[in-house]
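What follows is a single structure, written as structure tokens, with notes after it.
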Number of protein chains: 2
Amino acid sequence: MAILERAHLEIVRAVAQHGSLTAAAKKLHLTQSALSHTIKKLEQALGTDVWLREGRSLRLTQAGQYLLGVANRLLPQLDQAEDRLRQYAQGERGTLRIGMECHPCYQWLLKIVAPYLAQWPDVDVDVKQKFQFGGIGALFGYEIDLLVTPDPLYKPGLIFEPVFDYEQVLVVSKHHPLATSKYINPEQLSGEVLITYPVKTDRLDIYNQFLMPAGISPKRHKVIETTDIMLQMVASGRGVTALPRWLVEEYTSEMGLVPVRLGQQGIAKQIFIGARETDANIDYLKAFVELARQPVS
Amino acid sequence: MAILERAHLEIVRAVAQHGSLTAAAKKLHLTQSALSHTIKKLEQALGTDVWLREGRSLRLTQAGQYLLGVANRLLPQLDQAEDRLRQYAQGERGTLRIGMECHPCYQWLLKIVAPYLAQWPDVDVDVKQKFQFGGIGALFGYEIDLLVTPDPLYKPGLIFEPVFDYEQVLVVSKHHPLATSKYINPEQLSGEVLITYPVKTDRLDIYNQFLMPAGISPKRHKVIETTDIMLQMVASGRGVTALPRWLVEEYTSEMGLVPVRLGQQGIAKQIFIGARETDANIDYLKAFVELARQPVS
DNA sequence: TCAAAACATGAATAAAAATGATATAATTTC
DNA sequence: GAAATTATATCATTTTTATTCATGTTTTGA
């Protein structure tokens, strides 16, 4: 009945990765002959070719491409399962893999992680920030166990809980003309250089909740990866940015940054933590959410 | 490096399914001795027990429960991959697995599927209606390839497209007092027996868009699985229900059913088809969505 | 155009792993 | 106390997997 073995998936992946049978064989600590034989047997068992032999190189058939997809999807899960079992073996509880869909939350997360690690010495924490299929996909695909995100998703299979609220504010240098404003209107940004994280504009609050409704664009839009550099740029008067108020307040004194309310009401934000429903009763996972729900010091 | 093989997962699953090593061995066409040997070796390789030996029975350890979860998640995917490769081998393109999160859409789907099967003779179609982790989970978990649903989800990794619009209407027997109304208000249902599909009430349009906003409940709420029986009940005056207008109109003449608008504006609905982004370029999948987008005859 | 590189194939073989056979002990369940 | 179930051990057998070697083909590119 069963034809497809883990080894087959490893081979498909290795060949695709290294481009040739010989290279793959070396990687897998096998001879070229061995590989050639096993793939032949696999193809016979499946009844379909997996590679097209084009001269001295291999190209995946349609079936092969499909198989590669399966390999890329399942092998990491098997690897991860082994890792986890190894951890169980060592008396550890496991690794809490946290996904982040919220750039500035990283600073907040660090504050949660520290006490958590102390409280759960036998649980490791890993944080991921890039997902091929988005945070939700990563949750469903078992790439992560928790997702920190501003967009909750109330669907069967997942559970989301709000963990903290904050206000998204404009950040300007203390020498900036807007620094003394109580709040600003969208038009007041039309002459400014706006610095943001490298994310689609429609996922940036300052766009979709402030600028876009008013039909305003900033003079320029610069993109920067890291919060620290971003703030350096703002402090040196190169532009303005939008960040959580609590984050700005930490830097205010040392860097000369000023938070300014966006609009008369301000932009209120809420951050959620999501998990798989099936994991709902894992104690060290619940504990993290519990800890995260405490107000930020 | 690699310890966990497919066979191990099969064993864990079989033992959990049949309750004992001996039973599992029979199912797997192995001897009890063989199983006992392999699981012992597995436990040694992992460095952790998978089962607790309690007298003459086995109970999963924590690691074992985790492993069972992995098995239940991954084995179906491997099986499915083999099925699909077998189809490739026979010159077929594959199976289009369609998930439905919209009860009455089934009738609509049948109309799409018929011409589709004619157009794509080498593609099979399978329809699923129950999902452990919801339709979205089933998409991400590769249980289905397309999802027919009233709630689209615009998240990375998934693509949703609207396929048709319709009006959700109340269905009553032609002898019913409300049968001559141009439209009805929520209060007019307070004395009625409401028949619906077995779905949480907050997912029923007639509740969340009509009754609940007005704070009204029907006299009674009956639950029925199949559309046909539901309509029989309505025709015989046992209650009223809410369905798409086009669906009612097909039955109107033969059964003496009358559609009545819900509220002055009526309830407008839209149905979407969702797919994984990675599948976006699969021709027979695109073709289905294309076909579904055509207006219903 | 010729040598090198890459894959295929078949045969013989060696090594490893899995399985089966069998027997026995321990435990629990009824 | 008999039956059922698992553990364990040993040995034989079978199956799987990989290696080696020899040889052939095709393509690539210097």
Side-chain angles (χ1 to χ4, degrees), chain A residues 1-61 63-65 67-68 71 75 78 82, chain B residues 1-61 63-65 67-68 71 75 78 82:
Chain A
M1 276 278 99
I3 301 173
L4 261 190
E5 291 298 324
R6 179 174 187 172
H8 296 133
L9 299 182
E10 308 257 26
I11 292 172
V12 173
R13 183 172 64 173
V15 171
Q17 218 166 65
H18 299 101
S20 84
L21 250 195
T22 321
K26 191 168 294 173
K27 203 71 183 181
L28 297 170
H29 306 294
L30 294 172
T31 60
Q32 175 266 329
S33 178
L35 268 204
S36 189
H37 281 129
T38 40
I39 68 175
K40 162 123 295 193
K41 237 192 298 184
L42 173 64
E43 289 178 323
Q44 280 170 352
L46 292 175
T48 179
D49 282 359
V50 174
W51 289 275
L52 293 170
R53 279 68 173 178
E54 294 195 325
R56 67 174 175 181
S57 67
L58 297 176
R59 212 185 70 219
L60 288 170
T61 61
Q65 286 175 18
L67 202 49
L68 178 59
L75 287 177
L78 280 171
E82 279 187 18
Chain B
M1 276 277 100
I3 301 172
L4 262 189
E5 291 298 325
R6 179 174 186 172
H8 297 131
L9 299 181
E10 308 257 25
I11 292 172
V12 173
R13 183 171 64 173
V15 171
Q17 219 166 65
H18 300 99
S20 85
L21 250 196
T22 320
K26 191 167 294 174
K27 202 70 183 183
L28 297 171
H29 306 293
L30 293 172
T31 60
Q32 177 265 332
S33 175
L35 267 204
S36 192
H37 282 309
T38 41
I39 69 175
K40 162 124 296 190
K41 236 191 301 183
L42 173 63
E43 289 178 324
Q44 280 170 352
L46 292 175
T48 178
D49 282 359
V50 175
W51 290 274
L52 292 169
R53 279 69 174 178
E54 295 193 324
R56 66 173 175 180
S57 66
L58 297 177
R59 211 184 72 218
L60 288 169
T61 61
Q65 286 175 18
L67 201 50
L68 178 59
L75 287 176
L78 280 171
E82 279 187 19

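Because the structure is predicted, anything quoted here is derived from the model rather than measured. All values below come from the heavy atoms of this structure, side chains included, with hydrogens, waters and symmetry mates left out.
Per the geometry, CH2 belonging to B:Trp51 stands 22 Å off P belonging to C:dT27, to the nearest Å. When the C1' atom of C:dA18 is taken as reference, atom CG of B:Leu28 falls 14 Å away, rounded to whole Å. Whole-Å rounding puts the B:Leu35 CG to C:dG20 C1' distance at 12 Å. In this structure, B:His29 atom NE2 and D:dT15 atom P are separated by 16 Å, rounded to whole Å. Taking atom CG on A:Leu52 and atom C1' on C:dA8, their separation rounds to 15 Å, with Å as the unit. When the C1' atom of C:dT9 is taken as reference, atom CG of A:Leu21 falls 13 Å away, rounded to whole Å. As a whole-Å value, the separation of A:Asp49 CG from C:dA8 C1' is 13 Å. Distance, A:Lys26 NZ to C:dA6 P: 9 Å, rounded to whole Å.
For A:His37, the listed nucleotide lying nearest its side chain is D:dT20; candidates were C:dC7, D:dA7, D:dT20. Of all nucleotides listed (C:dA18, C:dG20, C:dA8), C:dG20 comes nearest to the side chain of B:Thr31.
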* To do: Any chance you could lay out the side-chain contact (heavy atoms from CB on, under 4.5 Å) test for B:Leu58 and B:Leu52, step after step, and finish with the verdict?
  => CA-CA 6 Å; B:Leu58 297 177; B:Leu52 292 169; over 6 Å; no
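Backbone-only engagement by B:Ser20 is indicated by non-hydrogen atom pairs under 4.0 Å involving sugar-phosphate atoms exclusively.
Between A:Val50 and A:Leu67 the shortest side-chain heavy-atom distance falls below 4.5 Å.
At the phosphate of D:dT26, neither OP1 nor OP2 sits under 4.0 Å from any side-chain N or O atom of A:Arg53. In terms of phosphate contacts, A:Lys41 brings no side-chain nitrogen or oxygen within less than 4.0 Å of OP1 or OP2 of D:dT16. Considering only side-chain N and O atoms, A:Thr22 lies nowhere under 4.0 angstrom from the phosphate OP1 or OP2 of C:dA5. Phosphate contact (OP1/OP2 of C:dT9, side-chain N/O of A:Lys40, threshold under 4.0 Å): present.
Between B:Leu60 and B:Trp51 the shortest heavy-atom distance is CD2-NE1, 3.3 Å.
Salt bridge absent: A:Lys41 and A:Glu5 never bring a charged side-chain N and a carboxylate O closer than 4.0 Å. Between A:Glu43 and A:Lys40 there is no salt bridge, since no side-chain nitrogen of the basic residue lies less than 4.0 Å from a carboxylate oxygen of the acidic one.
Between B:Ser33 and A:Glu5, the residue anchored closer to the 5' end of DNA chain D is B:Ser33, taking for each the nucleotide with the nearest heavy atom.
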